[in-house]
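Lettering follows sequence order; numbering is per chain, from 1.
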Amino acid sequence: LYLFAQLVRKSRNARDLLQGKCVHAQILESGLIHERFLANLLVEMYGKCGSVEESRAVFDGIQEPNLFSWTNMLAVYAQRGDLQQAREIFGRMPEKDRVAWNAMIQAHARSGCLGKAKEMFDVMGNRNVVSWTTVLAALAQEGNFEIAKDMFDRMPRRDSVSCNAMMDACVQSQDFERVREMFFSMLEKDIASWTTILAANAQVGNFAFLLQLFHKMPLHNAVAWTILFLAYAHNGDLCMARRIFSMLPEKSLVEWNALIQAYAQNGHAKTTLKLFSFMAMEGIAPNSVTFLTLLAACNHIGLVEIGRWYFLSMIQDHHLVPSHQHFCCMIELLGRSGRLREAEEFAASMPAVE
RNA sequence: CCGCGUAACUCGUCA
């Protein structure tokens, strides 16, 4: 039914895995799981909520996958940069349309194979604005700003997304003059155009102008609010930051991470750690960014034991794989507190490179 | 209007 479709979309948009699972269970109960249309939505929902396994499980249960089933599954792998799985799906697709090709370009770009991505792009006969934007954003991501800007100039067609991607490339390359110019000359600004310029002003610490822009925006979403409360925190106004945070209708992982970061960066160790447990109480599972923030905070304050505890908890309780950065934080933490021996052991137990 | 691209949170050193 269309009611179910709405519910799945809602969970997908809110990135609410728990709610998504509930809806999935209800769909199973009603026997409507054989509606391919619903299954396709579930594949997408699980992907966006970060559960690749369940996404794949639903996909594998589809009797006769159609083009949407295939591309939904492909997009999940592409977004995560899982090139191997993406290739497998792409290879099995009975027909590969432009959308599938674009997704494959993204899969290559996200997995660090920018060269291959560009190659596919060059070989493609029916490129559209999405193909161009995918490559442009990937180039900017890797720091190839000049080539990215050149691509933008050569694009046959542009829309708000490609302009936003270009603006972000200018932000990253510190070309703020062009950011302003683009923003104010854009005819169709969407919410991402606004948040991009907010982020640009946050980056250079232009708080007053950021505030002005914030109030001029036609509507405010979670991204805008997060930028705003972080800006207050950056100014040392934790009170206001916290007040904004508590007003937010949906407090998801990123908002929590941002709040934790806000307190950490102002040196409020106790509150930082407390917030971490509040977050758990709200049923939000921490991710690797959360732990990196916490470890960095421990590092600055010198909380060796607690840092070590977080590191272990991250692996044992949350089944996260510590990255290069997590290890570096721990080594620095141990080293700074004079535990050179342990620091060395840590360094030795570190996986090669990343 | 079931699929692809853009925006917010993380340490390249608060020594």
Chemist: Tell me whether K251(A) is salt-bridged to D16(A), with the criterion being a basic N under 4.0 Å from an acidic carboxylate O.
Modeler: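 No salt bridge links K251(A) with D16(A).
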
Chemist: Starting at atom CD1 of I62(A), determine the distance to atom P of rG3(B), rounded to an integer number of angstrom.
Modeler: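 After rounding, the reported distance stands at 14 Å.
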
Chemist: Does the ring center of F276(A) lie less than 6.0 Å from the ring center of W256(A)?
Modeler: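 No, they do not, as the ring centres are separated by 6.0 Å or more.
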
Chemist: Could you state the CH2-P distance from W225(A) to rA7(B), rounded to the nearest angstrom?
Modeler: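 About 22 Å, once rounded to whole Å.
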
Chemist: Looking at rG5(B), rC2(B), rA8(B), which one has an atom nearest to any side-chain atom of L41(A)?
Modeler: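 The closest nucleotide is rC2(B).
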
Chemist: Can you check the Y2(A) OH to rC1(B) C1' distance for me, whole Å?
Modeler: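 Between C1' of rC1(B) and OH of Y2(A): 12 Å.
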
Chemist: Determine whether a donor-acceptor pair (N or O, by modelled atom type, separation under 3.5 Å) exists between the side chain of D97(A) and the backbone of V99(A).
Modeler: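 Yes; judged by distance alone, with no hydrogens or angles, the pair exists.
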
Chemist: Would you please name every residue forming a salt bridge (charged side-chain N to carboxylate O under 4.0 Å, His left out) with K189(A), sequence neighbours left out?
Modeler: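 For K189(A) there are no salt bridge (charged side-chain N to carboxylate O under 4.0 Å, His left out) partners, ignoring immediate neighbours.
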
Chemist: Hey, does the side chain of K48(A) come within less than 4.0 Å of rC4(B)'s phosphate (OP1/OP2), counting only N and O?
Modeler: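 Indeed, a polar side-chain atom of K48(A) lies that close.
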
Chemist: Got a sec? Which of residues 66-82 of chain A come in under 4.0 Å of RNA chain B, heavy atoms?
Modeler: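 Heavy-atom contacts with RNA chain B come from L67(A), F68(A), T71(A), N72(A), A75(A), Q79(A).
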
Chemist: Can you confirm whether N66(A) sits close enough to R36(A) that some side-chain heavy atom of one is under 4.5 Å from a side-chain heavy atom of the other?
Modeler: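 A side-chain contact exists here, since the closest heavy-atom pair is under 4.5 Å.
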
Chemist: Can you check the E44(A) CD to rC1(B) C1' distance for me, whole Å?
Modeler: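 Distance, rounded to whole Å: 13 Å.
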
Chemist: What's the gap between rC9(B) and rG5(B) when it is taken at their C1' atoms, as a whole Å value?
Modeler: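 Nearest-Å result for rC9(B) against rG5(B) at atom C1': 22 Å.
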
Chemist: Can you establish whether the number of heavy atoms outside R243(A) located under 6.0 Å from its atom CZ is more than 12?
Modeler: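 No, CZ of R243(A) has 12 or fewer neighbouring heavy atoms, counting only those of other groups under 6.0 Å.
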
Chemist: Classify every nucleotide of nucleotides 9-14 of chain B by which part a protein heavy atom approaches to under 4.0 Å, writing B for the base, S for the sugar-phosphate alone and - for neither, in 5'-to-3' order.
Modeler: BBBS-B

Chemist: Categorize R110(A) for me: base, sugar-phosphate, or nothing, with a 4.0 angstrom heavy-atom threshold over every strand shown.
Modeler: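 Here R110(A) touches the backbone only, sparing every base.
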
Chemist: Just how far, in rounded Å, is P of rG5(B) from CZ of R98(A)?
Modeler: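 The answer, rounded to whole Å, is 15 Å.
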
Chemist: With C1' as the reference atom in both, quote the distance from rC11(B) to rA15(B) in angstrom, rounded to an integer.
Modeler: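 Between the two C1' atoms, the distance is 14 Å.
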
Chemist: Which atom pairs, one a donor and one an acceptor, fall under 3.5 Å between side chains of residues 285-304 of chain A and the rest of the protein, sequence neighbours left out?
Modeler:
{"unit_1": "N287(A)", "atom_1": "OD1", "unit_2": "N257(A)", "atom_2": "ND2", "d": "3.3"}
{"unit_1": "N287(A)", "atom_1": "OD1", "unit_2": "V289(A)", "atom_2": "N", "d": "3.1"}
{"unit_1": "N287(A)", "atom_1": "OD1", "unit_2": "T290(A)", "atom_2": "N", "d": "3.1"}
{"unit_1": "N287(A)", "atom_1": "OD1", "unit_2": "T290(A)", "atom_2": "OG1", "d": "2.9"}
{"unit_1": "T290(A)", "atom_1": "OG1", "unit_2": "N257(A)", "atom_2": "OD1", "d": "2.7"}
{"unit_1": "T290(A)", "atom_1": "OG1", "unit_2": "N287(A)", "atom_2": "N", "d": "3.0"}
{"unit_1": "T290(A)", "atom_1": "OG1", "unit_2": "N287(A)", "atom_2": "O", "d": "3.3"}
{"unit_1": "T293(A)", "atom_1": "OG1", "unit_2": "V289(A)", "atom_2": "O", "d": "2.8"}
{"unit_1": "H300(A)", "atom_1": "ND1", "unit_2": "A296(A)", "atom_2": "O", "d": "3.3"}

Chemist: Does any N or O donor sit under 3.5 Å from an N or O acceptor when you compare the side chain of N128(A) with the base of rG5(B)?
Modeler: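 Result: no qualifying N/O pair found.
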
Chemist: Give the rounded distance in Å between these two atoms: CG of L213(A) and C1' of rA7(B).
Modeler: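 For the pair L213(A) CG and rA7(B) C1', the rounded distance is 14 Å.
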
Chemist: Give a yes or no on whether the ring-centroid distance for Y232(A) and F207(A) is below 6.0 angstrom.
Modeler: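 Between Y232(A) and F207(A), the centre distance is under 6.0 Å.
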
Chemist: Once you measure the plane-to-plane angle for W194(A) and F183(A), does it fall in the parallel (<30°), tilted (30-60°) or perpendicular (>60°) bin?
Modeler: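 Geometry flag for F183(A) against W194(A): perpendicular rings.
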
Chemist: How far, in whole Å, is rA8(B) from rG12(B) if one measures between their P atoms?
Modeler: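 That atom pair is separated by 15 Å.
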
Chemist: Check this for me: Q84(A), atom CD, are more than 12 non-hydrogen atoms of other residues, nucleotides or ligands nearer than 6.0 Å?
Modeler: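 Check fails, neighbour count at 12 or below.
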
Chemist: Taking S160(A)'s backbone N and O only, do any of them form a donor-acceptor pair with N164(A)'s side chain (distance below 3.5 Å, no angle check)?
Modeler: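 Such a contact is found between N164(A) side chain and S160(A) backbone.
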
Chemist: On a plain distance test, is the side chain of N40(A) in donor-acceptor contact with the base of rG3(B) below 3.5 Å?
Modeler: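 There is none.
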
Chemist: Counting only non-hydrogen atoms, which of residues 169-196 of chain A are less than 4.0 Å from RNA chain B?
Modeler: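 Per residue number, the list reads A192(A), T195(A), T196(A).
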
Chemist: With a 6.0 Å cut-off on the ring centroids, do F121(A) and W132(A) count as close?
Modeler: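 Centroid separation for F121(A) and W132(A): below 6.0 Å.
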
Chemist: Measuring from the side chain of V129(A) (C-beta onward, heavy atoms only), which nucleotide among rA7(B), rG3(B), rG5(B) has the closest atom?
Modeler: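 Per side-chain heavy atoms of V129(A), the pick is rG5(B).
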
Chemist: Using the ring centroid of each side chain, check whether W70(A) and F59(A) are separated by less than 6.0 Å.
Modeler: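 Under 6.0 Å, so yes.
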
Chemist: Please tell me whether N102(A) and S131(A) have a donor and an acceptor in their side chains that are separated by less than 3.5 angstrom.
Modeler: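 Yes, S131(A) and N102(A) have a side-chain donor paired with an acceptor closer than 3.5 Å.
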
Chemist: So if I take residues 4-14 of chain A and measure heavy-atom distances to RNA chain B, which residues fall below 4.0 Å?
Modeler: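 The stretch gives R9(A) as the residues lying under 4.0 Å from the strand, ordered by number.
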
Chemist: With the side chain counted from C-beta on, respond yes when H24(A) and E54(A) share a heavy-atom pair under 4.5 Å apart, and no when they do not.
Modeler: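 Counting from C-beta outward, H24(A) and E54(A) never come under 4.5 Å.
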
Chemist: Separation of M120(A) atom CE from rC4(B) atom P, in whole Å?
Modeler: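 Spelled out: CE on M120(A) to P on rC4(B) is 17 Å.
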
Chemist: In whole angstroms, how far is the P atom of rU6(B) from the CG atom of N164(A)?
Modeler: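 To the nearest whole Å, that distance equals 11 Å.
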
